[in-house]
Undergrad: 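Below is one structure. I have some questions about it.
It should be emphasised that the depicted structure is a prediction, and the values quoted were computed from it without experimental measurement.
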Amino acid sequence: MASKGERDVEIHVSSPLPDDRDAARPLLPAACEAYSVSAAILPFFFPALGGLLYGYDIGATSGATISLKSPTSSGTAWHDLSSVQTGLVVSGSLYGALIGSATAFTIADFLGRRRELVVSSIMYLIGALLTAVAPNFLIMVVGRFLYGIGIGLAMHAAPMYIAETAPSQIRGMLISLKEFFIVLGMLLGYIVGNLFVEVISGWRYMYATSAPICVIMGIGMCWLPCSPRWLLLCATQGKGDLRETKENATRCLCRLRGQASPDLVSEQVNLILEELSYVGEEKKAGFSEIFQGKCLKAMIIGCGLVFFQQVTGQPSVLYYAATIFQSAGFSGASDATRVSILLGLLKLIMTGVAVLVVDKLGRRPLLIGGVSGIAVSLFLLSSYYTLFTGAPYVAVIALLLYVGCYQLSFGPIGWLMISEVFPLKLRGRGLSVAVLVNFASNALVTFAFSPLEDLIGTGVLFASFGVIAVASLAFIFCIVPETKGLTLEEIEAKL
């Protein structure tokens, strides 16, 4: 049962609304969002497993490629993979994620957040099993591709479902905790990879280990209620009887809030409907609307954040982690796997810190502080490759600083902000574009890194990433708003 204190909390919009008409909008007060903590756990946990499976794939693949290419432990006759084939194994899920993100643009609003996550869990399961039992290279790549489609759908629907079902008081913590699950999945993948890396056909076990998690995610999402906001949006657009849908949305919200007063839940449903009516959500969204008005501003904020998240060098810095630690004396294969686990632990700890403080400090302070640290760390890495080549400790310090600051800022806050800023009518399509930009930017940086390194040198390349980090800091200062403590409807009004 939510305490009396929780019900008495009020949330105020800190910045003035554009005009008197907007000032009269039926914004949702926090008093309507009384909730039970125990009831909020499972609506977060099952969608967050989609993030854990994404992180697990990253961690497990690093060990699986070693196992797959080993003449002694591969357990296959096709272990002698070319660099292109190895690249397809590693990046196959990334290609699939790009397709999954693009597919979400057209099917997300039809399926709804819950069913999209169910479909995601099915794609995860098929992809994991197909990869694990692959009799040849082609089947393995198909499995990696299907698993990637699951990633694209999950990373689109999970933050939306959590954002639309979580109480505003803890929404930031829960969505940031999804990033914690991604890092936890990476750590789990590193550990499983370390356990099976010397086992015959160990790569099969690495990929098969994710299958039980896929099943748990799918069953859990089938059990959870639909997003009440999505149900009400469908009803206002003529998809179903409004009165019946309103009753269904009230039942769903009662489950999501636990033992909160039914009267308060009913009041919140009424206020959401009033807000939908006020902003004209009864009209079906067209493609052009994504690039107009408040959605355009949301698109600039969301896509800008996930773009800078990748082009500040995140894939490349992690790619260079093994080389940096080898120069510091960790040269053995066993050393490399243990260092990966330690790096995963650091990411987990720093993400945990962000989760604990995001709803207290706010989004902007974490972004500004973390991205400032990222810029410093990138210039330090550049100096190691240009000025301090005989001092590997400089690179190690820069790497640890980068990882810590990234997990305080871009890591969790990027996913949090894109789930908050889009208006309800266009949230599904807007978020799919943002997720597509994320994976496309990741692919761009990953594939362009080696040619650019050969062209301008490692030191200059990391300095360039540092300049981009400074530009992203200016973007955050000028464009990104603070959304701490606001309901999704208040954020929409603020934009």
Side-chain angles (χ1 to χ4, degrees), residues 49-97 120-151 154 182-218 318-319 321-322 326 330-344 446:
L49 288 180
L52 185 139
L53 288 165
Y54 171 40
Y56 179 83
D57 182 69
I58 296 171
T61 298
S62 65
T65 50
I66 297 173
S67 172
L68 183 63
K69 295 175 68 175
S70 171
T72 56
S73 60
S74 172
T76 69
W78 41 277
H79 60 80
D80 188 21
L81 301 179
S82 67
S83 58
V84 173
Q85 289 175 316
T86 304
L88 283 173
V89 171
V90 174
S91 61
S93 60
L94 179 59
Y95 295 131
S120 168
S121 68
I122 294 171
M123 299 306 294
Y124 269 139
L125 181 62
I126 295 173
L129 293 178
L130 204 58
T131 304
V133 302
N136 55 55
F137 175 76
L138 179 61
I139 300 298
M140 184 179 190
V141 171
V142 171
R144 299 287 295 135
F145 184 82
L146 293 176
Y147 192 97
I149 293 177
I151 291 174
I182 294 175
V183 178
L184 184 64
M186 290 174 61
L187 184 58
L188 180 63
Y190 289 140
I191 292 171
V192 172
N194 191 41
L195 290 175
F196 291 113
V197 72
E198 294 180 356
V199 175
I200 301 298
S201 296
W203 58 274
R204 297 186 186 275
Y205 299 110
M206 294 178 202
Y207 286 120
T209 299
S210 64
I213 305 174
C214 304
V215 174
I216 294 170
M217 176 188 169
L318 293 181
Y319 170 80
Q326 282 178 356
F330 300 95
S331 55
S334 59
D335 288 338
T337 55
R338 293 191 187 104
V339 165
S340 294
I341 293 172
L342 290 175
L343 205 58
T446 302

Undergrad: Looking only at heavy atoms, what is the nearest atom pair of Ser210 and Ala128, with distance?
TA: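 Between these two residues, the closest heavy atoms are OG-CB, 3.4 Å.
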Undergrad: Is it the case that atom CG in Asn136 sees more than 12 heavy atoms from other parts of the structure closer than 6.0 Å?
TA: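 Correct, the count exceeds 12.
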Undergrad: Which pair of heavy atoms, one from Gly50 and one from Ala154, lies closest together, and at what distance?
TA: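 Closest approach of Gly50 to Ala154: CA-CB, 4.0 Å.
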Undergrad: Give the minimum heavy-atom separation between Val199 and Leu195, together with the two atoms involved.
TA: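 What the structure gives for the nearest pair is CG2-O, 3.9 Å.
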Undergrad: Among Tyr54, Tyr147, Tyr56, Tyr207, find the residue that satisfies the ring pair (Phe, Tyr, Trp, His ring centres under 6.0 Å) test when tested with Tyr124.
TA: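 Of the listed options, the one satisfying the test is Tyr147.
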Undergrad: Please report the closest heavy-atom contact between Ala132 and Arg204, naming both atoms and the distance.
TA: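 So the two residues come closest at O-NH1, 2.9 Å.
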Undergrad: At what distance, to the nearest 0.5 angstrom, does OG of Ser120 lie from CD1 of Ile151?
TA: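 So the gap between those two atoms works out to 8.5 Å.
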Undergrad: Of all the heavy-atom pairs spanning Ser93 and Val90, show the shortest one and how long it is.
TA: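 Nearest heavy atoms, Ser93 then Val90: OG-O, 4.0 Å.
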Undergrad: Taking all heavy atoms of Cys214 and all of Ser121, pick out the closest pair and write down the distance.
TA: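 Scanning both residues completely, I find the closest heavy atoms to be O-CB, 3.7 Å.
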Undergrad: So how far is it from Leu81 CG to Thr65 OG1, rounded to the nearest 0.5 Å?
TA: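 The distance works out to 9.5 Å.
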Undergrad: Hey, does the side chain of Ser82 reach the backbone of Gln85 with a donor-acceptor pair shorter than 3.5 angstrom?
TA: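 Yes; judged by distance alone, with no hydrogens or angles, the pair exists.
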Undergrad: Taking atom OH as the centre, does Tyr205 end up with more than 12 heavy-atom neighbours from other residues, nucleotides or ligands that are less than 6.0 angstrom away?
TA: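 No, the 6.0 Å shell around OH holds no more than 12 heavy atoms from other groups.
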Undergrad: So, taking the atom named CG in Leu53 and the one named CG in Leu188, what distance separates them when rounded to the nearest 0.5 Å?
TA: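 The distance works out to 9.5 Å.
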Undergrad: Carefully, step by step, assess Asp57 and Arg144 under the rule side-chain contact (heavy atoms from CB on, under 4.5 Å).
TA: CA-CA 9 Å; Asp57 182 69; Arg144 299 287 295 135; 2.5 Å; yes
Undergrad: Quick one: sort the Trp203 and Trp78 rings into parallel, tilted or perpendicular, breaks at 30° and 60°.
TA: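 It falls in the perpendicular class, over 60°.
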Undergrad: Yes or no on side-chain contact (heavy atoms from CB on, under 4.5 Å) for Leu343 and Tyr190, after CA distance, side-chain angles and deciding distance?
TA: CA-CA 10 Å; Leu343 205 58; Tyr190 289 140; 6.0 Å; no
Undergrad: To the nearest 0.5 Å, what is the distance between CD1 (Ile200) and OG1 (Thr72)?
TA: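 One gets 6.5 Å once the value is rounded to the nearest 0.5 Å.
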Undergrad: Distance check, rounded to the nearest 0.5 Å: Ile216 atom CD1 versus Leu125 atom CG?
TA: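 Between Ile216 CD1 and Leu125 CG, I get 11.5 Å after rounding to 0.5 Å.
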Undergrad: Supply the atom-to-atom distance Leu68 CG to Ser73 OG, rounded to the nearest 0.5 angstrom.
TA: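 Atom-to-atom, Leu68:CG and Ser73:OG are 9.0 Å apart.
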